[in-house]
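Each remark here refers to the structure printed beneath this line.
Quick note on labels: first sequence line is chain A, next is B, and so on, each numbered from 1.
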Amino acid sequence: MMRYLWLVPVMPLLGFLVLAFFGRNLRKSIITLIGTGTVGLSALLVILIGIEFLTSPPAGNAFTLKLWTWMSSGGLSPSIAFYLDGLSLAFIFVVTFVGFLIHVYSSEYMRDDEGFARFLAFMNLFVSAMLILVLADNLALMYLGWEGVGLCSFLLIGFWYKESANAAAARKAFIVTRVGDTAMALGLFLLITEFNTLDIRSILETAPAHWTPGSAKVVWIAFLLLGGAVGKSAQLPLQTWLPDAMAGPSPVSALIHAATMVTAGVYLIARNHVVFELAPIAMKTVAIVGASTLLIAGFAAVVQYDIKRVLAYSTISQIGYMFLALGVGAWSAGIFHFMIHAFFKALLFLGAGAVIHALHHEQNIFKMGGLRKEMPVIFWTFLAGSGALAALPLVTAGFYSKDAILWYSWSSEKGSLFLWAAAFLGAFITSIYTFRMVFITFWGKMKTHIHLRPGRAMLIPLVVLAVLSIIGGFLETPHNLGHITLFSGMLSGVLPEVHILHSGAESTELILQVLTALTGFFGIYLAWHFWMKKPGFLFRLKQTRAGAALHHWWLTGWGFDWVYDLLIIRPFTWLSNINKNDIVDYISIAPSNLVVWLHNLTRRSQNGNLRWYAAGIALGLIITLTIALFL
Amino acid sequence: MMEQIPVEQSLLLAALLFGIGLVGVLIRKNMILMMMSVEIMLNAAGMAFIIAGSRWAQPDGQVMFIFILTMAAAEVAVGLALILKLFHLQKSIDADEMTQMNDITEASESN
Amino acid sequence: MIIINLIGILMLGGTAAWIGSRFHPHAARSISLVSVSLAFLLILGYLANNLSTIGVTSPGAWLEEVRFSWIPAFGISVHFAMDGLSLVMILLTLFLGVLSVLVSWKEITDRKGFYYFNLLWILAGIIGVFTALDLFLFYFFWEIMLIPMYFLIGIWGHEKRVYAAYKFFIYTQASGLLMFLAILSLYFIHGRNTGIYSFDYTDLLGTQFDPKTGLLLMGGFLMAFSVKLPVVPLHNWLPDAHTQAPTAGSLILAGLLLKTGAYGIIRFAIPLFPQAAHTFAPAGMILGAIGIIYGAKLAFSQTDLKRLVAYTSVSHMGFVMLGVFAFNQLAYQGVVMQMVTHGISTGALFILVGFMYERAHTRDINSFGGLWATVPKLASMMLIFALASLGLPGLGNFIAEFLVLSGSFQANMIITAIASIGLVLGTVYSLRIFQRVFQGPKNKEWNFSDLSWREVIIIGSLVMVILWLGLYPQPVMDAVKPVITAVLGNL
Amino acid sequence: MNNLITSGELLQLLPFITMLAGPVLMIFLISIRRNHTFTWILTLLSFALTLAFAVYLMDKEPYVSPLLTIDRFSLLYTGMFASAGFLVTLLAKRYLDNLSERREEFYLLLLFATLGSSLMVSSNGFASLFLSLELLGISLYALISYIHRSGKAIEAGLKYLILAALSSAVLIFGVALVYYETGGLSYSSIGTYLSQHTFSPLLVAGIGMIIAGAGFKLSLVPFHWWTSDVYQGSNAPVTAFIATVSKGGMVGALIRFFTMIHGTEYQQVVLVLTILAAASMLIGNILAVRQNNLKRLLAYSSIAHLGYLMISLIAFGDGGTQAATFYLYAYFATTLGAFGVISILSDSQGEAEELEKYKGLFWKKPVLAAFLALIMFSLAGIPLTAGFAGKFFVALSGVKADLWLLLIFLAVNSVIGVYYYLRVVVMMFSAPKEKTPASDNSSTFSAGYIVLGLLAIIIIYLGISPNGILSLIGSAVILP
Amino acid sequence: MLIAFYIAGVIAVVSTIMAVTRSNAVHALLYLIVSFLAAAVVLFVLGAHFAAALEVIVYAGAIMVLFVFVIMMLNIGGETEKAKERWLVPKRWIGPALMAAILFAILSYAILNQPVATASLSIVEPKTVGISLYTQYLLGVEIAAVMLMAGIIGAFHLGYTKRKSKHRFLKGE
């Protein structure tokens with residue numbers, strides 16, 4: 001089965017090609033069939049391959065499928081080759097499976113859009129690119145997928161291209177991530193310089209012998225790769241594009257900007273974990289980036305009133321958790337959180353999409369309300385997702401994945417109190433903003449007329465994802481709660497175990513778990529209190545100058561956009577405007593102007609006057625004689 | 001043998017005449033007088049040849065003088081004919097009025 | 001012999017087109033299409049016959065060589081030779097040549113005979129440049145290709161064509177003369193050293209200089225090549241020429257003429273003056289980086305679509321300059337790939353802009369907007385090539401830029417790091433092309449028709465090639481490998 | 001009397017005698033009955049015979065007398081002048097047909113002028129040089145003003161006359177000084193003197209004045225003033241003649257003179273020539289840059305071209321003389337072609353000298369325009385043309401002699417040159433103002449077209465395959 | 001003889017200056033004839049008797065008479081010149097005079113900086129001149145003859161003004 005691995009990315013690619021070339025001439029049902037079918041087939045294939053992989057693991061717990069040599073020059077010869085191990089398996093499963101669900105959802109959600117075929121085509125292309133990204137056996141090919149997903153993100157954010165704002169958001173996403181990508185590319189160049197290969201496995205195998213931990217080269221490489229990861233995963237300081245990326249249709253937000261693409265950074269770091277472990281300072285940076293991102297995004301989420309922006313900031317924040325996990329060396333915890341997050345965040349986005357869809361493209365939560373009764377399925381599934389996001393203890397998957405991160409940020413040898421505190425505070429804020437959103441949206445009075453009710457194709461994915469958000473956590477539970485390690489077991493061959501510093505402090509773990517659970521509930525209470533019960537307090541707070549400023553500050557995502565605008569964009573456009581006509585041009589015209597000037601000067605000497613000419617000749621004679629005699 | 005005539009002085013005389021002739025060419029507006037001034041210069045050159053010929057006791061100097069004379073005659077013939085023509089056309093033989101062709105009125109097109 | 005045949009077919013074809021146009025108004029384009037296609041088929045046939053030997057020739061060996069005496073008194077001979085590099089460039093030339101005829105099919109309505117005459121003679125000149133091995137002959141062709149190009153811009157160009165044509169000609173002529181002087185002194189230095197007075201490349205290789213002279217002479221060569229390439233302070237002819245030229249003219253300028261500069265550096269400037277090249281290398285790389293960034297910046301500011309694309313060429317050719325002075329296999333492979341892929345992608349962009357211009361009669365980027373739904377095919381094609389131009393993996397340009405940068409990174413990390421800012425800037429301007437035209441609100445109710453079959457064939461073939469080069473560039477890289485090994489071996 | 005001419009020597013003088021016999025015959029014919037066409041044919045015949053004799057004598061014994069040395073070099077130049085004269089005659093026919101009376105004297109003067117030029121190259125001393133120079137000059141005065149109802153022609157003639165006489169006076173005064181110092185008029189005796197003595201100031205002054213006088217004929221800056229006005233004022237065939245034969249004669253004479261005295265071994269001479277060359281290139285080109293009168297433009301361009309040519313004169317021993325001669329060939333063909341076009345386009349409306357007149361020419365008279373474009377490219381030194389080969393050889397000799405300053409000047413000025421040559425081309429290719437139907441009177445033009453066809457072949461031939469001419473030039477040694 | 005040389009020289013210079021500066025053309029010409037006569041004396045003193053004779057006969061006699069003739073013909077003796085020329089304006093003559101002075105200074109420098117000791121002048125008999133003219137310079141004489149012929153033809157052509165019909169090229173003017 002595994003030799004058909006190449007079909008996994010190729011199926012959606014085929015779908016893309018068919019839709020791109022003939023999409024406009026096909027009936028919608030056929031478009032749906034092709035668009036979702038190819039991804040579905042892929043998902044099926046992944047499940048079959050996964051089963052085979054897990055039941056009869058190949059040698060070395062990894063499988064490589066080389067298709068052809070991409071470019072070979074001077075020893076460097078990256079191939080078009082796919083590499084399957086536990087890590088990539090986890091990723092392709094999420095990508096194809098969640099992707100399939102979202103495709104199904106989209107087939108109804110986007111059906112009436114004039115660009116339906118285009119939408120599915122891009123989605124298919126995205127799935128394909130994402131699969132190439134995670135399956136790549138070398139970093140060059142990974143870079144291909146990496147840029148490919150960026151492209152699809154660009155195309156899909158700007159899907160409703162007639163709005164300038166959407167196009168601008170798309171551009172912003174592409175350019176900001178491209179900044180990270182460039183750093184990553186430099187990292188690749190440095191790797192080439194060091195190893196003359198981009199083959200991930202050989203790099204990982206030779207790296208420990210090649211470098212002493214903390215040597216300058218490896219630190220540089222780790223930081224440059226981190227640059228790429230930060231860009232793609234919308235972490236500090238390149239997180240600004242993700243909230244704007246919500247301009248795209250909700251399924252896009254669900255698939256690309258929540259479940260899959262934005263976690264590519266996590267994948268990249270996990271993939272190159274050896275490099276990062278050799279560069280402790282980079283690891284520390286990853287953790288700090290994660291911690292600070294999760295906080296900043298969390299606070300920003302609290303004040304957002306666009307439902308998708310709340311979710312976007314929450315995504316940034318959750319990816320911050322994953323980074324934190326990676327940074328403290330809890331590799332599999334990070335990946336586990338990725339998977340769970342993919343489930344519940346996709347669910348939340350799809351649910352939000354359904355709401356938006358139903359309310360005639362209304363995204364402001366303050367104009368919603370009371371949908372609990374009107375849209376029960378949506379409500380319940382959304383609640384399940386929110387619970388997972390807020391990590392409600394025991395019943396939600398989010399609890400297990402987040403708890404692991406919290407624990408390791410405390411207990412890992414790379415962890416610290418500060419990291420834990422940040423994560424803890426983050427968890428608290430998470431529950432606040434999550435339930436703020438839930439309460440405002442689903443409780444209270446109806447403010448908007450329901451325009452359209454979701455059909456089956458939209459509801460089934462919601463339900464499936466809700467179920468996964470609940471039960472997904474049981475793949476991996478803390479050792480005081482059953483100690484299931486199905487997930488980390490799958491990754492054990494790929495990613496190293498976390499080194500726990502405070503070993504044996506089981507009581508600590510329990511205390512922390514309880515603490516976390518309690519703060520979660522406290523957050524929910526606060527949300528209820530401030531937004532449902534006594535909304536006046538916050539309103540008054542907003543009236544004060546400091547409150548307003550804080551509100552505005554958080555609303556605009558801590559002003560990063562403003563800073564970038566001031567420091568980079570404005571100088572650049574200013575320069576572009578003043579130098580539109582290329583200053584070098586003036587310099588290059590100067591000689592010709594000089595010649596014309598000289599021409600006008602000398603022209604006067606040819607005045608037609610005979611005596612003047614004679615005088616000229618006499619003068620010439622004098623000059624000639626002077627030169628000949630006296631020089 | 002004759003008295004010593006300083007060669008330098010005679011050559012200086014030729015050069016002086018040459019210079020005066022040049023001044024004539026430069027300051028006269030009358031075409032005829034311009035030509036006349038040229039004749040002065042040519043004559044000075046011929047004189048220089050004779051001095052040189054005398055110095056080397058060779059006939060070549062005088063031969064050259066004769067050639068210059070011939071040339072001057074031919075030139076004057078053509079030149080005066082031209083001046084006559086000019087007078088017929090312009091009713092003037094002022095050199096300064098002979099500026100039909102120049103670069104200043106040929107206004108340069110700006111491109 | 002194939003080289004002579006190619007040049008001969010093109011020259012005769014051009015002349016025949018000119019004469020033919022006297023008899024039938026459409027004869028010119030048919031005749032030229034036939035002759036360019038014939039030449040293209042000829043070289044494809046050659047390729048097919050020699051496929052096995054191309055990648056495996058020993059470094060420095062020629063695939064094809066013709067040589068006979070021309071002006072024996074000065075050691076000048078007609079010496080053409082072709083190796084992998086030349087072959088690749090000839091293929092590109094003839095491929096774009098066919099397209100340029102097709103592009104002109106409807107665009108050119110007056111003075112067709114003379115137009116196609118010029119078109120074909122440019123191609124002949126370019127092939128001459130890519131194959132001439134006698135420096136005198138090289139200079140000869142170097143100049144020959146200018147004149148028809150000059151006419152092409154000056155007669156069939158847009159509103160400021162005369163100015164652009166002048167600028168183009170004078171820039172190239174001025175720099176060419178410096179090269180000419182350098183060639184002459186090279187000739188004499190070599191003659192004095194060895195007693196053999198010859199303009200032949202193979203003879204002149206390995207001439208010894210004192211370092212200063214070597215640097216000066218290489219400067220002469222580099223001047224000419226830098227102007228063609230173009231390297232930044234010498235680039236000013238390019239935006240004007242590209243903007244004002246007719247579509248086929250821009251295609252050939254961007255696709256081929258610029259490549260002669262790169263070719264010249266690889267073939268002549270560096271092998272002839274290895275020491276000087278080493279001395280110059282850091283400066284060369286800095287110039288490359290400046291070109292990348294400055295070109296990108298200017299591209300971003302332009303409102304004229306063609307001018308915008310023209311400045312992207314400046315930026316892209318900066319990679320060539322950067323790579324050429326990195327002196328390693330990776331970078332050189334990248335440079336060759338850049339020569340090819342830039343020819344395809346920028347050529348395609350010019351063609352697309354030309355299509356737009358044919359429909360809208362304006363190139364002002366601000367007058368467009370939201371045209372995606374109106375002309376989806378055109379839009380997707382534009383998107384593909386905008387993406388190619390920003391170096392999206394999977395398309396040929398990525399391979400080129402990736403290889404160049406990874407090669408030059410090994411030579412100089414800091415300069416390369418600065419140069420790679422160009423990747424971001426490339427994104428900025430490439431997206432601008434696409435978004436301003438095809439996204440956002442509609443500025444005006446344009447009544448466009450989408451691409452016709454002829455246009456789809458033109459652009460489609462370019463898409464195929466750019467995809468092929470992006471996913472499987474190995475044949476090209478194999479073909480030039482011996483050449484690169486030879487060049488690097490000389491250093 | 002060993003100095004009298006023997007019959008054998010008479011044979012050796014045949015090319016010159018032909019150019020003399022033609023006019024004499026014509027004078028007789030004119031006195032009987034004027035017949036333009038017949039005179040024309042006779043003139044063509046004279047030139048053709050001269051050329052034939054020159055070619056014939058190439059392999060014969062050279063003629064050496066106290067005044068003239070007729071060696072391969074002078075025969076080469078004589079042949080060149082005769083060919084040029086032949087072409088000018090062809091061009092002139094139509095011109096003179098339009099003149100109502102007295103057309104025949106033109107040919108007499110033309111032959112005399114050509115004779116003068118040829119003799120200049122053959123002169124081995126200043127006596128004969130001066131005489132032949134004046135023969136050329138006096139014939140030219142009349143030729144320039146030949147269409148003497150035109151104020152411009154008279155003006156040009158008078159300007160040329162006064163200035164030429166002035167420069168002749170300067171030249172001959174210089175010769176007198178040189179003679180005073182060296183005691184000889186022939187180049188060889190001067191050369192002998194110089195090889196034994198150092199340069200005295202008087203000699204320097206003398207040679208300086210000679211260079212000034214020669215510079216006038218070559219229209220080198222700062223002796224160039226007359227050029228544009230005379231070019232403009234005289235009729236096109238005569239302008240062609242002035243631009244080519246008259247300058248060529250002086251170039252040949254200078255080459256011979258410098259060869260005999262080894263002039264370029266003297267640093268003062270080289271300095272003066274260098275400055276003249278540089279100034280000519282620069283000023284000539286700058287004056288031409290935005291000139292709107294084609295004839296004046298060509299005048300200024302000829303100043304620049306003589307500047308280029310001077311490079312090879314300065315380089316001299318290093319293949320310079322050959323380069324100069326080759327350049328002259330190229331320049332002859334090109335310049336004749338340019339004025340050929342002008343004379344073909346000139347009609348009863350006047351001389352076709354305003355660039356405006358050439359607007360859209362390519363679409364009206366493509367053959368003519370293509371030819372003029374070829375001329376312009378040749379002048380600009382673009383490959384495939386004689387101008388390129390010429391410039392190549394000049395630059396080659398310059399590089400060999402390490403004349404870097406001049407070479408840089410050459411490069412810079414070529415660029416300026418390119419601009420205004422292209423301007424002419426642009427004019428022709430730009431759209432015509434109004435659609436005027438091509439006035440096709442090709443029958444009367446046929447002679448002109450033959451000239452152009454011939455010249456086009458020559459220009460391209462010289463540009464592509466200069467071997468033949470090169471070996472011819474290479475074999476044309478100068479006898480002492 | 002030396003005295004004769006100096007006197008003749010001074011007369012030549014002075015009369016030449018007068019010739020160049022007189023506003024009346026006829027006066028100028030007459031001064032010039034005086035100058036030529038003085039020059040003839042100088043030539044005689046220098047030992048070139050034949051040349052001196054020719055100077056008087058041809059230059060002063062023939063050529064200058066031609067000038068006078070033309071001036072008479074055009075009737076531009078004094079008035080035309082006077083009306084247009086403001087003679088004593090230094091602007092007119094100071095530049096040319098300065099240039100000529102510089103030129104003269106340069107030439108004087110060259111003449112007086114002679115490395116060779118003052119040479120003596122010797123008389124060259126007309127006979128030797130004649131002999132060399134017809135032996136060594138025979139071809140030169142021929143060329144001079146052709147030159148004269150050219151001059152005559154030129155003058156003849158240019159002097160012809162009989163018909164009034166215009167050249168076809170010039171009808172527009």
[atom1]/[X] to [atom2]/[Y] distance, rounded to the nearest 0.5 angstrom?
X: E/E55; Y: B/I50; atom1: CD; atom2: CD1; value: 7.0 Å
X: E/Y59; Y: B/E39; atom1: OH; atom2: CD; value: 4.5 Å
X: E/Y137; Y: B/M64; atom1: OH; atom2: CE; value: 7.0 Å
X: E/I33; Y: B/M36; atom1: CD1; atom2: CE; value: 10.0 Å
X: B/L86; Y: E/L158; atom1: CG; atom2: CG; value: 11.5 Å
X: E/I17; Y: B/I20; atom1: CD1; atom2: CD1; value: 4.0 Å

Between [X] and [Y], is any pair of side-chain heavy atoms under 4.5 Å apart?
X: B/L80; Y: E/F69; value: no
X: B/D60; Y: E/Q136; value: yes
X: B/F67; Y: E/V141; value: yes
X: B/M35; Y: E/F67; value: yes
X: B/Q58; Y: E/T128; value: no
X: E/L107; Y: B/L12; value: no

Under 4.5 Å from any heavy atom of chain B, what part of [X] do you find: side chain, backbone, both or neither?
X: E/L66; value: both
X: E/M99; value: side chain
X: E/F5; value: side chain
X: E/L29; value: both
X: E/L54; value: both
X: E/A19; value: both
X: E/V13; value: both

What option among [options] has the most heavy-atom pairs under 4.5 Å with chain E?
options: B/S37, B/G61, B/A81; result: B/A81
options: B/D96, B/L82, B/T70; result: B/T70
options: B/V25, B/V76, B/L22; result: B/V76
options: B/I83, B/V78, B/L69; result: B/L69

Any idea which heavy atoms bring [X] and [Y] closest together, and the distance?
X: E/A25; Y: B/N30; value: CB-ND2, 4.3 Å
X: B/G24; Y: E/V20; value: CA-CG1, 3.3 Å
X: E/A39; Y: B/N43; value: CB-ND2, 3.9 Å

Between [options], who has the most heavy-atom pairs with chain B when the cutoff is under 4.5 Å?
options: E/I102, E/V10, E/V129; answer: E/V129
options: E/P126, E/G95, E/P96; answer: E/P96
options: E/I153, E/L32, E/L103; answer: E/L32

Contacts of E/T16 that satisfy side-chain hydrogen bond (donor to acceptor under 3.5 Å, both in side chains) - sequence neighbours left out: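 Per chain and number, E/T16 pairs via side-chain hydrogen bond (donor to acceptor under 3.5 Å, both in side chains) with E/S35.
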
Please classify the contact between B/L89 and chain E as side chain, backbone, both or neither, with a heavy-atom cut-off of under 4.5 Å.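 Interface part for B/L89: neither.
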
So which part of B/L13 gets closer than 4.5 Å to some heavy atom of chain E, the side chain, the backbone, both or neither?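 Only the side chain of B/L13 comes within 4.5 Å of chain E.
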
Considering residues, nucleotides and ligands other than E/Y31, do more than 12 of their heavy atoms fall under 6.0 Å from its OH?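 Counting other residues, nucleotides and ligands, OH of E/Y31 stays at 12 neighbours or fewer.
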
Are the side chain of E/S122 and the backbone of B/S54 linked by a donor-acceptor contact shorter than 3.5 Å?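 Here the side-chain-to-backbone pair exists.
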
Say whether, by atom type as modelled, one donor and one acceptor occur between the side chain of B/Q62 and the main chain of E/V124 under 3.5 angstrom.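 Between the backbone of E/V124 and the side chain of B/Q62 there is a qualifying donor-acceptor contact (under 3.5 Å).
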
Start with the C-alpha gap between E/W93 and B/V23, add the side-chain angles, then the distance that decides, and say whether side chain to side chain contact (heavy atoms under 4.5 Å, CB included) holds. CA-CA 8 Å; E/W93 54 265; B/V23 174; 5.6 Å; no

Mind running side chain to side chain contact (heavy atoms under 4.5 Å, CB included) on B/F65 and E/L43 for me, showing each step along the way? CA-CA 11 Å; B/F65 178 79; E/L43 295 187; 3.8 Å; yes

